[in-house]
Amino acid sequence: MTGKSLDIPARPYTGEKARLSRAYDYLILVLALFLFIGSFHLHVALTVGDWDFWQDWKDRQWWPLITPLMMITFPAAVQAVLWPNFRLPLGATLCISCLLIGTWITRFFAYHMWNFFPINEVLPATMLPSALVLDAILMLSNSLTVTSIFGGMAFALLFYPTNWPIFGMFHVPVEYGGSQLTVADLFGFQYIRAGTPEYLRLIERGTLRTYGQYATPLSAFCSALLCTLMYPLWWYLGKAFATTKYVKNI
């Protein structure tokens with residue numbers, strides 16, 4: 001024997017070891033899926049809240065401003081893990097898909113089946129087109145700066161147009177009790193929510209209403225600007241939490 005070490009290649013798992021290894025990987029994937037669903041759904045419920053819960057809260061001012069701003073957070077953090085480490089351009093699409101799964105389970109079973117709200121009253125908004133564009137820009141550019149600017153802006157600006165075919169029918173004006181209101185407002189009057197005095201609808205409030213029909217584009221562009229700043233912040237948060245650190249053995 002000489003002083004040279006023998007590089008013996010590691011034998012791949014075979015038989016029972018391979019089966020157990022694959023089962024462990026599947027278990028980790030399922031747990032990670034439920035983690036994404038629960039954590040992202042909780043984040044949106046606590047930040048976006050009623051603007052995504054109720055049909056009559058989906059107004060022209062706050063809904064297109066707050067929803068994209070709060071929903072770009074987790075996609076940015078997950079992209080910071082999946083793209084640099086695994087070259088998987090699906091972080092945003094994965095997060096939004098998990099959010100939709102958890103949201104639909106909650107809206108159908110908790111609000112529709114349990115509390116008897118019409119499913120049209122509690123329809124969730126979708127961000128899938130925005131997420132697909134965000135992933136595509138990251139994959140094509142491979143740049144955090146480009147994705148922050150163009151991807152963050154596209155993520156916010158695509159929100160209202162892609163949701164309008166779903167929710168536009170509920171903004172048709174109707175006359176009810178001698179007053180003019182929308183179908184969504186009629187839902188809100190017919191199906192009462194919490195009875196506490198502090199529960200007030202925070203819609204269509206603020207000086208932005210003085211711009212009339214331009215309130216929605218202004219809110220969308222304001223959200224686009226804020227998303228360009230929110231994206232790199234959560235990118236670095238995701239990168240920080242996914243960093244592997246080694247302790248020196250003394």
Side-chain angles (χ1 to χ4, degrees), residues 43-76 92 96 99-100 103 120-137 145-190 193 199-234:
H43 167 78
V44 173
L46 294 177
T47 54
V48 181
D50 290 329
W51 280 288
D52 190 56
F53 280 158
W54 313 110
Q55 192 65 251
D56 55 318
W57 276 69
K58 294 177 171 63
D59 64 338
R60 303 172 299 167
Q61 181 173 337
W62 295 107
W63 181 52
L65 172 63
I66 295 177
T67 309
L69 180 62
M70 293 295 105
M71 286 190 181
I72 201 174
T73 52
F74 272 57
I96 297 299
L99 175 64
L100 285 176
T103 302
N120 286 338
E121 166 69 356
V122 294
L123 280 177
T126 179
M127 296 292 296
L128 273 178
S130 301
L132 289 170
V133 172
L134 187 64
D135 281 333
I137 293 177
T145 303
V146 173
T147 309
S148 300
I149 298 174
F150 296 100
M153 292 183 64
F155 190 86
L157 294 177
L158 287 174
F159 172 70
Y160 199 86
T162 54
N163 280 277
W164 182 253
I166 305 174
F167 302 106
M169 67 185 77
F170 300 105
H171 293 276
V172 176
V174 295
E175 184 178 352
Y176 181 79
S179 301
Q180 187 178 16
L181 62 159
T182 64
V183 176
D185 290 327
L186 187 57
F187 271 128
F189 289 132
Q190 292 294 326
R193 274 88 68 170
Y199 190 83
L200 301 173
R201 286 202 314 168
L202 301 178
I203 66 170
E204 298 287 346
R205 296 188 180 186
T207 56
L208 197 61
R209 292 185 59 190
T210 57
Y211 294 96
Q213 61 182 346
Y214 301 107
T216 300
L218 289 174
S219 294
F221 276 98
C222 181
S223 180
L225 175 62
L226 295 175
C227 282
T228 60
L229 302 176
M230 184 71 79
Y231 182 87
L233 173 63
W234 279 77

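As the structure is a computational prediction, the values presented were derived from the model and not from experiment.
Two residues are said to be in side-chain contact when any heavy atoms from C-beta on lie closer than 4.5 Å; I72 and W234 fail this criterion. For the pair F167/L123, a side-chain contact is recorded, criterion being any heavy-atom separation below 4.5 Å from C-beta on. The closest side-chain heavy-atom distance from L134 to T147 is below 4.5 Å. The shortest distance between side-chain heavy atoms of I166 and T126 falls below 4.5 Å. Between F53 and V122 there is no side-chain heavy-atom pair separated by less than 4.5 Å. When side chains are defined from C-beta on, M230 counts as touching M70, because their heavy atoms get closer than 4.5 Å. T228 is listed as a side-chain neighbour of M153, based on a closest heavy-atom distance under 4.5 Å.
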Next on the checklist: Could you walk me through whether R60 and H171 satisfy the side chain to side chain contact (heavy atoms under 4.5 Å, CB included) test, starting with their C-alpha distance in whole Å, then the side-chain angles of each, then the deciding distance to 0.1 Å, before giving a yes or no?
Outcome noted: CA-CA 10 Å; R60 303 172 299 167; H171 293 276; over 6 Å; no
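Summarising the geometry of D56 relative to G188, their closest heavy-atom pair is OD2-CA, 3.7 Å, with the distance given to 0.1 Å.
For P161, the side-chain contact (heavy atoms from CB on, under 4.5 Å) test picks out no residue, with sequence neighbours left out.
Distance check: C227 SG to L69 CG gives 5.0 Å after rounding to the nearest 0.5 Å. Separating the CG atom in L186 from the CD atom in E175 is a distance of 12.0 Å, to the nearest 0.5 Å.
The closest side-chain donor-acceptor pair between W63 and D59, if any, does not fall under 3.5 angstrom.
Checked options F187, W51, F170; the residue passing with W57 is W51 (criterion: ring pair (Phe, Tyr, Trp, His ring centres under 6.0 Å)).
Between the side chain of D52 and the main chain of V48, no donor-acceptor pair closer than 3.5 Å is present.
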